[in-house]
Number of protein chains: 2
Amino acid sequence: MLNVGSNDERATPARIRDAAISYVGKHGWDRATSRQIAAEAGVPVGLVNYHFGSKDGLRRACDDWVIERVGEDKGLLLSSGLFPQLDTYIEDHPELRPMSAYIAMSLRHGGSVADHLFESMVTLTKDTLELAADAGTMRRFDDPYAMAVLLVAYGAGASLFGPTIARLLGGTDLLDPATYARYGRTTIDLFTKPLLTHDPYQQSLPTPNDPDLPTPKDTP
Amino acid sequence: MLNVGSNDERATPARIRDAAISYVGKHGWDRATSRQIAAEAGVPVGLVNYHFGSKDGLRRACDDWVIERVGEDKGLLLSSGLFPQLDTYIEDHPELRPMSAYIAMSLRHGGSVADHLFESMVTLTKDTLELAADAGTMRRFDDPYAMAVLLVAYGAGASLFGPTIARLLGGTDLLDPATYARYGRTTIDLFTKPLLTHDPYQQSLPTPNDPDLPTPKDTP
DNA sequence: GTCTATATAATGATAGAC
DNA sequence: GTCTATCATTATATAGAC
């Protein structure tokens, strides 16, 4: 029987998996229940465990599927929430939105998806830095890999706290034009002119006024 | 009766609250159960709801308590996980470790503690930037508040992904000397020399080699 | 493969003895 | 205030009819 009369021609395991990705992207695995996922997929609870063995089996299947899709689709990787600037890719590919939300939720909670994604993004960023250096838009670094790791972590912070950043900057969404203008201007300001006036690895810093207030980028 | 013979002279509500902060710092509120928290506090389950009404009441009490403590102790704010460089404060004040873990968990999941902490850290960072500018160790910015917001978000990303960063940099803990040396060197490298060679708000960027690979710090 | 019905365990919350 | 015992609900997982 080939799902005659159904309003969704995908195979049942795929429907359940996609429903799980969509629901977990909104609520996370901890709050998600097998019943809710089954309801979203339009199947009874029993089928979930029939096809995936257990809730944890479903989670592994979702993680593997997302990791596979991220490996195939560079656009999905770029819109994975590791750099807020790149989230606009989703607007042209709305079918990727549930998976992007699932990835963002995975980044919050950690696990294999977060690890795999972070590493992929580091590799891509390192390559991008080299291309930018070749093109002359960016300088080169002593430790390009470590620099890519740092930049991905920074981008992840900006992405995870995007709503908070937007609110403090006077907007509701970081990608709203007025809010993003201020955000982008600040980013450019930070990276076009040196932040620190001295390199503490070459000469000692002048003593700050208040030793109890270490500068955020100070070294121990 | 004043807890005669008990091995903990604190009042019972405080014991339950501290046990909740400790347990939730490790597992998060979703996975934490009233029974586990009560067991850690050495009291039966009934007492939890007697003193706090419900699990959600206990959560509100913990959040309020942490926010209050963060307002009183600047060191706790600085070691709240929003800048990995500052976590060393915990080593001198190990009694703050459970609350620091609770704060880190709150940052992952959002909520009132995360919002309050982020805003406090922005204010402190903005003041610190001004002090550093006065001392001559840092330049000044067109939009100091937005710059503080951006730097706190970046620091939060570095903190939340600290274990991942450490692993990719060849270590196990970001604060291990060898690992932190590489991390610190990269941070200094990033902030002592300009990253971008052109300011796109003043002149157009040269076309990159691959238009599908936007540079991480590009503007829309 | 799909469904209904159920088994088993754990949860938040409460009642009542002391 | 503190404890034991229990309620009602909900979760995951499974058994068995079709």
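A note on names: the letters A, B, ... follow the listed sequences, proteins ahead of strands, and every chain is numbered from 1. Heavy-atom basis, side chains included; hydrogens, waters and symmetry copies ignored.
- To the nearest 0.5 Å, atom CG of residue A/Leu96 and atom CG of residue A/Asp73 are 6.0 Å apart.
- A/Arg59 places its CZ atom 13 Å from the P atom of D/dA13, with the value rounded to the nearest Å.
- Looking at B/Arg59 and B/Asp63, a side-chain N of the basic residue comes within less than 4.0 Å of a carboxylate O on the acidic one, giving a salt bridge.
- Of the residues in residues 16-34 of chain B, B/Ala32, B/Thr33, B/Ser34 come within less than 4.0 Å of DNA chain C through at least one heavy atom, sorted by number.
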Ignoring hydrogens and angles, write down the donor-acceptor pairs under 3.5 Å from the side chains of residues 31-46 of chain B, residues two or more places apart or on other chains.
from    : atom 1 : to      : atom 2 : distance (Å)
B/Arg31 : NH1    : A/Asp30 : OD1    : 2.6
B/Thr33 : OG1    : B/Gln36 : N      : 3.1

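- Relative orientation of the A/His93 and A/Tyr89 rings is parallel, given thresholds of 30° and 60° on the angle between their planes.
- Recorded end-axis angle for the helix from C/dG1-D/dC18 to C/dC18-D/dG1 stands at 10°, based on five pairs per end and rounded to 10 degrees.
- Scanning residues 36-52 of chain A for heavy-atom distances under 4.0 Å to DNA chain C yields A/Pro44, A/Leu47, A/Tyr50, A/His51.
- Checking the phosphate oxygens (OP1, OP2) of D/dT2, a side-chain nitrogen or oxygen of B/Thr12 falls inside 4.0 Å.
- With values rounded to the nearest 0.5 angstrom, B/Thr186 atom OG1 is found 4.5 Å from A/Asp143 atom CG.
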Please list every donor-acceptor pair under 3.5 Å in which a side-chain atom of residues 16-28 of chain B meets a protein atom from a residue at least two apart or in another chain.
from    : atom 1 : to      : atom 2 : distance (Å)
B/Asp18 : OD2    : B/Arg10 : NH1    : 2.4
B/His27 : ND1    : B/Tyr23 : O      : 3.3

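- Ring geometry for A/Phe191 versus B/Tyr154: interplanar angle of 30 to 60°, hence tilted.
- Summarising the geometry, the separation between CG on A/Leu58 and C1' on D/dA13 is reported as 14 Å, rounded to the nearest angstrom.
- Under the ring-ring contact (aromatic ring centres under 6.0 Å, His included) criterion, the residue pairs touching residues 103-124 of chain A are A/His109-B/His109, A/Phe118-B/Phe161, with sequence neighbours excluded.
- Using a cutoff of 4.0 Å between basic side-chain nitrogens and carboxylate oxygens, B/Arg185 and B/Asp189 are not scored as salt-bridged.
- Under a 4.0 Å N-O distance rule, the pair B/Arg60/B/Asp56 qualifies as a salt bridge.
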